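Reading through the structure tokens given below for one structure.
Here the structure is a predicted model, which means the values were calculated and not measured.
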Amino acid sequence: MKQVIVDDTEDVSLDVGNEEELALQKAKIRHPLATFFHLFFRIGAIVAYLFCDWFSKSFITCFVIILLLLAFDFWSVKNVTGRLLVGLRWWNQIDEDGKSHWIFEAKKASPNISTSTEVEARIFWLGLIICPIIWTIFFFSTLFSLKLKWLALVIAGISLQSANLYGYVHCKTGGQQNVSKSASRFLSQQLFQRAVKR
């Protein structure tokens, strides 16, 4: 019997250090906690609005719980999940003259590492778009059923969730172009004002 010797040693290039990048790219949800809270407060406010009468007969308790969930949702979406899940953020800045400046930013995508996954972006945008629609449906059902005591709460829900929707849509559509213009305009105004004061 003749034995054939096989050379199993091949030159294989090793990408040392890229394992983490590959794992992050393959992960469907890179920020599970942010994704959870993006949906938790939104859905929690809607569920509490629908079923709060079953658990408590107090209108004030229901109102406060739902309003707190809406406020937590507004804060978490505006300050945390927008940055982590889609790389967008917006805020309002008031200058020394008392003028309000709205600033919309979109994180520049680096070619090597993506900031979010496609699944996270879909969850973010679906939650951001669907919930204000649901609150608008609640508005009309509250109006037509003449449950006017709930109208203020529904309007607060529409306002808070629509403000986030408006801010992030504005970031997505014009944030990359407007950030540099807004920042340079604001800095030039500040420099000019300081130069004039001296």
Side-chain angles (χ1 to χ4, degrees), residues 20-52 62-95 100-138 152-183 186-187:
E20 291 177 14
E21 290 179 25
L22 291 173
L24 289 175
Q25 289 173 356
K26 289 181 182 178
K28 293 188 181 204
I29 297 179
R30 288 180 51 194
H31 305 99
L33 197 59
T35 306
F36 171 77
F37 281 111
H38 176 70
L39 295 176
F40 174 75
F41 293 127
R42 290 178 169 266
I43 294 171
I46 291 170
V47 169
Y49 178 78
L50 290 173
F51 300 114
C52 198
C62 293
F63 190 92
V64 169
I65 288 171
I66 296 167
L67 195 59
L68 282 174
L69 286 169
L70 287 169
F72 291 155
D73 170 63
F74 179 80
W75 182 88
S76 67
V77 170
K78 182 181 174 303
N79 295 315
V80 179
T81 62
R83 292 180 191 190
L84 292 177
L85 300 182
V86 290
L88 302 173
R89 67 180 180 164
W90 62 274
W91 71 92
N92 183 7
Q93 186 171 350
I94 299 176
D95 63 6
S100 178
H101 299 280
W102 289 92
I103 300 170
F104 303 94
E105 285 187 346
K107 186 175 183 179
K108 293 180 182 177
S110 70
N112 297 336
I113 300 174
S114 63
T115 57
S116 66
T117 64
E118 194 173 316
V119 173
E120 287 177 334
R122 282 187 184 155
I123 290 171
F124 179 83
W125 287 108
L126 283 174
L128 202 66
I129 292 168
I130 290 173
C131 289
I133 292 171
I134 292 171
W135 282 103
T136 304
I137 293 168
F138 289 163
L153 181 67
V154 173
I155 290 171
I158 291 171
S159 301
L160 290 171
Q161 297 207 350
S162 296
N164 265 334
L165 177 62
Y166 173 78
Y168 283 113
V169 166
H170 205 298
C171 287
K172 184 75 172 167
T173 58
Q176 294 172 341
Q177 299 166 354
N178 294 337
V179 171
S180 61
K181 290 179 185 177
S182 299
F186 181 74
L187 287 175

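Residue pairs meeting the salt bridge (Lys or Arg N to Asp or Glu O under 4.0 Å) criterion with at least one partner in residues 161-171, sequence neighbours excluded, do not occur; the list is empty.
Between Phe104 and Trp102, the ring planes are parallel. Angles under 30° get that label, and only those over 60° would be called perpendicular.
Atom CD1 in Ile65 sits 5.0 Å away from atom SG in Cys52 (nearest 0.5 Å). In this structure, the separation between CD1 on Ile155 and CG on Leu160 is 12.0 Å, given to the nearest 0.5 Å. Here CZ of Arg89 is found 4.0 Å from CD of Glu105. Values are rounded to the nearest 0.5 Å. Here Leu153 contributes atom CG and Leu67 contributes atom CG; the two are 6.0 Å apart, rounded to the nearest 0.5 Å.
Put simply, the side chain of Ser76 gets close to the backbone of Asp73: a donor and an acceptor are under 3.5 Å apart. Using modelled atom types, one side-chain atom of Tyr168 and one backbone atom of Lys78 make a donor-acceptor pair closer than 3.5 Å. Not a single donor-acceptor pair under 3.5 Å links the side chain of Glu120 to the backbone N or O of Thr35.
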* Take Phe138 and Leu50 through the test side chain to side chain contact (heavy atoms under 4.5 Å, CB included) and record every step on the way to the result. => CA-CA 9 Å; Phe138 289 163; Leu50 290 173; 3.7 Å; yes
* Working for side chain to side chain contact (heavy atoms under 4.5 Å, CB included), residues Leu70 and Gln161 -> CA-CA 8 Å; Leu70 287 169; Gln161 297 207 350; 3.8 Å; yes
* Asked: What's the verdict on side chain to side chain contact (heavy atoms under 4.5 Å, CB included) for Val80 and Trp75, showing C-alpha distance, side-chain angles and the deciding distance?
  -> CA-CA 8 Å; Val80 179; Trp75 182 88; 3.9 Å; yes
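Considering every non-hydrogen atom in both Val86 and Ala121, the closest pair reads CG1-CA, 3.9 Å. Minimum interatomic distance between Trp90 and Cys171 (heavy atoms only, all atoms of both residues): CB-SG, 3.8 Å. The two residues Thr81 and Ala34 make their nearest non-hydrogen contact at CG2-O, 3.2 Å. Closest approach of Leu88 and Ala106 over heavy atoms only: CD2-CB, 3.4 Å.
By the 6.0 Å contact criterion, CZ on Phe72 is open, its count of non-hydrogen atoms from other residues, nucleotides or ligands being 12 or less.
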Do any side-chain atoms of residues 122-135 form donor-acceptor pairs under 3.5 angstrom with protein atoms, and if so which ones, sequence neighbours left out?
from	atom 1	to	atom 2	distance (Å)
Arg122	NH2	Glu118	OE2	2.8

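Counting only heavy atoms from C-beta outward, the side chains of Tyr49 and Leu69 never approach each other to under 4.5 Å.
Residues meeting the ring-ring contact (aromatic ring centres under 6.0 Å, His included) test with Phe74, sequence neighbours left out: none.
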